[in-house]
Amino acid sequence: MDFNYKNLKSETGQSLVEMIIAIAIILTGLIGAIALTISNLSGSAEAGTMVVATNLAKEGIEVARNIRDANWLKNLAWDNGLSSGADYTAIAVFNPATKQWGLDFLPNSISDAAAKLYLSADNLYLQNSTPPVGNQTIYSRILTFGQICFNTSTKTETVSDSPCGGGENKIGIRIKADVAWILSGKSRSLTVEDKIYNWR
């Protein structure tokens, strides 16, 4: 029986090349699947934090709306507690003992320590607790109020960051809720705006 060593050597080399190609194809598929899984997990985390941030911004606006409505029920000026002199930036503060919301006008920037949100054991996001209650979250929130002025002569409505001038009546407040957070080392932020009016 004669062996052709040349052909045997060629077939062995061909099998090795085929095996390397097969391994490369399998690795390419695995790397693609891993990359897709990581991308899906990252996208899911991004979407989850965006939902929380949006709800925190909406909550800030609802706090201001709630204060206006409570003022009507108490026969107070409709905008009582929605500004502090010329200071129009605030944080929404919840008092767990009284179950009441209020505004604190001391913080002036979203980077202020008081703008940070803490998650309590009751799953409440709280700001400006002294000492802070719960665990610090990745979120910060600040509210900015603008005056909605109606010009009686031109019959036009404008939004101003300062008190309405002569010939203008304050008919509402523009509320801007800014929420900022850091995810995977990257800064994120969103802004939600709404207007409340003295329609009563």
Side-chain angles (χ1 to χ4, degrees), residues 48-149 158-165 168-183 187-200:
T49 57
M50 182 66 79
V51 168
V52 173
T54 302
N55 286 332
L56 288 171
K58 288 179 179 178
E59 178 186 65
I61 290 171
E62 286 306 312
V63 167
R65 192 187 313 278
N66 214 1
I67 290 171
R68 179 205 59 184
D69 294 350
N71 287 337
W72 283 337
L73 294 174
K74 296 174 186 174
N75 291 319
L76 298 172
W78 71 276
D79 58 350
N80 185 54
L82 293 174
S83 67
S84 178
D87 190 349
Y88 298 109
T89 57
I91 58 170
V93 180
F94 180 72
N95 185 332
T98 62
K99 308 287 191 231
Q100 297 286 324
W101 282 98
L103 297 173
D104 180 355
F105 286 88
L106 286 177
N108 292 313
S109 165
I110 201 160
S111 60
D112 286 354
K116 272 284 183 195
L117 284 146
Y118 291 80
L119 187 62
S120 73
D122 300 329
N123 285 326
L124 296 173
Y125 284 91
L126 302 173
Q127 285 181 291
N128 202 34
S129 306
T130 308
V133 175
N135 298 316
Q136 183 173 316
T137 68
I138 59 175
Y139 303 100
S140 297
R141 176 179 63 197
I142 196 89
L143 305 175
T144 308
F145 301 97
Q147 312 296 303
I148 302 175
C149 307
T158 57
V159 177
S160 173
D161 291 328
S162 56
C164 299
E168 293 181 327
N169 294 326
K170 180 180 175 183
I171 60 169
I173 296 174
R174 184 222 50 215
I175 311 157
K176 188 168 70 165
D178 291 297
V179 177
W181 68 101
I182 295 175
L183 181 65
S187 296
R188 306 279 195 267
S189 64
L190 69 81
T191 300
V192 175
E193 284 190 25
D194 202 357
K195 295 177 179 177
I196 58 174
Y197 288 90
N198 180 24
W199 49 261
R200 193 170 182 185

List the atom pairs, with distances to 0.1 Å, where a side-chain N or O of residues 138-149 and a protein N or O form a donor-acceptor pair under 3.5 Å, not counting sequence neighbours.
| residue | atom | partner | partner atom | Å |
| --- | --- | --- | --- | --- |
| Y139 | OH | T49 | O | 3.4 |
| R141 | NE | Q127 | OE1 | 3.3 |
| R141 | NH1 | L56 | O | 2.8 |
| R141 | NH1 | E59 | OE1 | 2.8 |
| R141 | NH2 | Q127 | OE1 | 3.1 |
| Q147 | OE1 | K170 | NZ | 2.8 |

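Side-chain contact between Y125 and L119: present, with at least one pair of heavy atoms (C-beta onward) separated by less than 4.5 Å. Contact check for K195 versus V159: side-chain heavy atoms found under the 4.5 Å cut-off. Two residues are said to be in side-chain contact when any heavy atoms from C-beta on lie closer than 4.5 Å; D79 and N71 fail this criterion. For the pair T158/E168, a side-chain contact is recorded, criterion being any heavy-atom separation below 4.5 Å from C-beta on.
Checking R174, K176, R65 one by one against D194, the salt bridge (charged side-chain N to carboxylate O under 4.0 Å, His left out) holds for a single residue, R65. Partner of I110 under the side-chain contact (heavy atoms from CB on, under 4.5 Å) criterion, chosen from T89, D178, I91: D178.
For the residue pair S120 and L126, the shortest heavy atom distance occurs at CB-CD1, 4.0 Å. Closest approach of W78 to G172, counting heavy atoms only: CH2-CA, 3.4 Å. The nearest pair of heavy atoms linking E193 to I61 is C-CD1, 4.1 Å. Nearest heavy-atom pair across A53 and W181 is CB-CZ3, 3.3 Å. The two residues A64 and L82 come nearest to each other via the heavy atoms O-CD2, 3.9 Å. Of all heavy-atom pairs spanning G81 and F105, the tightest one is O-CE1, 3.5 Å.
In this structure a side-chain-to-backbone donor-acceptor pair under 3.5 Å is present from D104 to L106.
Close placement of the W199 and W72 rings is indicated, their centers lying within 6.0 Å of each other.
Ring pair W101/F94 is tilted by interplanar angle, where 30° to 60° counts as tilted.
To the nearest 0.5 Å, atoms CG (L73) and CZ (R68) are separated by 10.5 Å.
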